[in-house]
Amino acid sequence: QVQLVESGGGAVQAGGSLRLSCAASGFTSSSRITAWFREAPGKEREAVAVIYPSGASRSNAGSVKGRFTISRDNTGNTVYLQMNSLIPEDTAMYYCASDTTISPRSGIAWSSPRRYNYWGQGTQVTVSS
């Protein structure tokens, strides 16, 4: 059974940093993409960043570029989101999502929630001014 478990959220002041973790288990394939999304109250779920099996990554240039960095450990089973220079607008529930590289959803853009078959329960990030 595939599981994604996020951790590392919390409350910080503007300008602070947090590192979120997403621990994956139960996957039978190591070839998968993993992304972070966030959802603020009253807003649509927004893609933050993605990391590919090669280690290459992309981020949402509009909102977090230059401040957030996605990475993973050597096993590929834990993916991180380093968040620096946090602003109140970053307040949201942050979700980890993953899927195998080859799937019926392979043609869907990485930034679409529909690309991912597996989701974590989310971790709350609150940034105060």
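Residues: numbered from 1 along the sequence shown.
Listed by chain and residue number, nothing satisfies the ring-ring contact (aromatic ring centres under 6.0 Å, His included) test with Phe68 (two or more places apart in sequence, or in another chain). A search for side chain to side chain donor-acceptor pair (under 3.5 Å) contacts involving Asp73 returns Thr75, not counting sequence neighbours. Checked against salt bridge (charged side-chain N to carboxylate O under 4.0 Å, His left out), Arg38 has the following partners two or more places apart in sequence or in another chain: Glu46, Asp90. Listed by chain and number, the residues in a side chain to side chain donor-acceptor pair (under 3.5 Å) with Gln3 amount to none (sequence neighbours excluded). In terms of the side chain to side chain donor-acceptor pair (under 3.5 Å) criterion, Arg58 has no residue partners (sequence neighbours excluded). Listed by chain and number, the residues in a side chain to side chain donor-acceptor pair (under 3.5 Å) with Ser31 are Thr101 (sequence neighbours excluded). In terms of the side-chain contact (heavy atoms from CB on, under 4.5 Å) criterion, residue partners of Ile108 (sequence neighbours excluded) are, by chain and number, Arg105, Ser112, Arg114, Arg115.
Sequence neighbours left out, the pairs with a member in residues 8-21 that pass side chain to side chain donor-acceptor pair (under 3.5 Å) are Ser17-Asn84. Residue pairs meeting the ring pair (Phe, Tyr, Trp, His ring centres under 6.0 Å) criterion with at least one member in residues 98-129, sequence neighbours excluded, are Phe27-Tyr118, Phe37-Tyr116, Phe37-Trp119. Note on residues 78-105: no pairs pass ring pair (Phe, Tyr, Trp, His ring centres under 6.0 Å), not counting sequence neighbours. Sorted pairs that involve residues 100-129 and meet disulfide bond (SG atoms under 2.5 Å apart), not counting sequence neighbours, are lacking altogether. For residues 100-129, no pair satisfies disulfide bond (SG atoms under 2.5 Å apart), with sequence neighbours left out.
Proximity of Thr34 to Cys96: side-chain heavy atoms (C-beta onward) are separated by under 4.5 Å at one or more points.
Minimum interatomic distance between Leu4 and Ala24 (heavy atoms only, all atoms of both residues): CD2-CB, 3.5 Å.
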